[in-house]
Amino acid sequence: MDCLFCKIINKEIPAEIVFEDEQVIAFNDINPQAPHHVLVIPKKHIATTNEITDQDTALVGRMHQAAAEIAAERGFATEGYRAVMNCNSHGGQTVYHIHLHLLGGKALGWPPYTDTLKQPV
Ligand code: AMP
Ligand code: ZN
């Protein structure tokens, strides 16, 4: 399967991995949008949040739990952070393997959107 994030999981492409367990892996975003910008992804390939099934609900919960653990480890859990998954073109998704963006280390603007659509990679 030609999936960038599966290649990171399989260590075929390098990444700055900051957390890994049986179910999920997390690494620094290559184009950080905040002082801390980590992507938490499931080791199971799921293309978009629209494809999450009943079998995946604990896995998606684990992604959020891992994000909170990373925030605590890095010392910004109490001040807060944003954890978000983009879906398809209108959501700004460019990599079609679900990923939870963990953004922290500064006060983040809200609403977060721009009107610019991003191109898939
Ligand atoms: P999204 O636009 O929500 O699909 O997010 C994809 C994210 O993956 C973007 O924030 C990219 O900067 C990030 N990204 C793309 N390629 C890599 C890579 N090789 N290593 C780390 N992050 C990446
Ligand atoms: Zn994948």
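Heavy-atom basis, side chains included; hydrogens, waters and symmetry copies ignored. First listed ligand is number 1; within each ligand, the first listed atom is number 1.
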Within the structure, does [X] bring an N/O atom to less than 3.5 angstrom of an N/O atom in ligand 1?
| X | result |
| --- | --- |
| I8 | no |
| Q93 | no |
| V95 | yes |
| H101 | yes |

In terms of atom number and element, which parts of ligand 1 are under 4.0 angstrom from non-hydrogen atoms of [X]?
| X | value |
| --- | --- |
| F5 | 8 (O) |
| N31 | 12 (O) |
| L4 | 16 (N) |
| N28 | 21 (C) |

[atom]: nearest protein contact (heavy atom, Å):
| atom | answer |
| --- | --- |
| atom 19 (N) of ligand 1 | I30 CD1, 3.9 Å |
| atom 10 (O) of ligand 1 | D29 OD2, 2.5 Å |
| atom 4 (O) of ligand 1 | T94 N, 2.6 Å |

message = Tell me whether ligand 1 is touched by H99 - counting only heavy atoms on the residue side and a distance under 4.0 Å.
response =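 The answer is yes: ligand 1 sits under 4.0 Å from a heavy atom of H99.
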
Note to self: Heavy-atom contact check, 4.0 Å cutoff: does G92 meet ligand 1?
What the structure shows: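 In this structure, G92 qualifies as a contact of ligand 1 - some heavy atom is under 4.0 Å.
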
Verify, without hydrogens or angle tests, whether [X] (side chain) and [Y] (backbone) share a donor-acceptor contact under 3.5 angstrom.
| X | Y | value |
| --- | --- | --- |
| N10 | E12 | no |
| E51 | T48 | yes |
| E20 | V18 | no |
| R82 | G109 | yes |
| D21 | V24 | yes |

- Message: Is the distance between the ring centroids of H99 and H97 under 6.0 Å?
- Response: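 No - the distance between ring centres of H97 and H99 does not fall below the 6.0 Å cut-off.
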
Is the distance between the ring centroids of Y81 and H36 less than 6.0 Å?
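Centroid distance Y81-H36: not below 6.0 Å, so no.
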
### Query
Taking just the N, O or S atoms of H97, which one is nearest to the Zn ion (ligand 2)?
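Checking each N, O and S atom of H97, the shortest distance to the Zn ion (ligand 2) belongs to ND1.
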
With respect to the Zn ion (ligand 2), what is the nearest N, O or S atom of H45?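 Atom name returned: ND1.
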
- Task: Taking all heavy atoms of M63 and all of L100, pick out the closest pair and write down the distance.
- Result: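 For M63 versus L100, the nearest heavy atoms are O-CD2, 3.6 Å.
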
Any idea which part of N86 is under 4.0 Å from ligand 1, heavy-atom wise: side chain, backbone, both or neither?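 Within the 4.0 Å criterion, N86 contacts ligand 1 through side-chain atoms alone.
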
Item to complete: Considering only NZ, NE, NH1 and NH2 on the basic side and carboxylate oxygens on the acidic side, decide whether R62 and E69 come within less than 4.0 Å.
Response: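 Here R62 pairs with E69 in a salt bridge, since their nearest N and O are under 4.0 Å apart.
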
E16 vs N28, side-chain hydrogen bond (donor to acceptor under 3.5 Å, both in side chains): CA-CA, chis, key distance, verdict: CA-CA 6 Å; E16 291 175 14; N28 290 325; 2.7 Å; yes

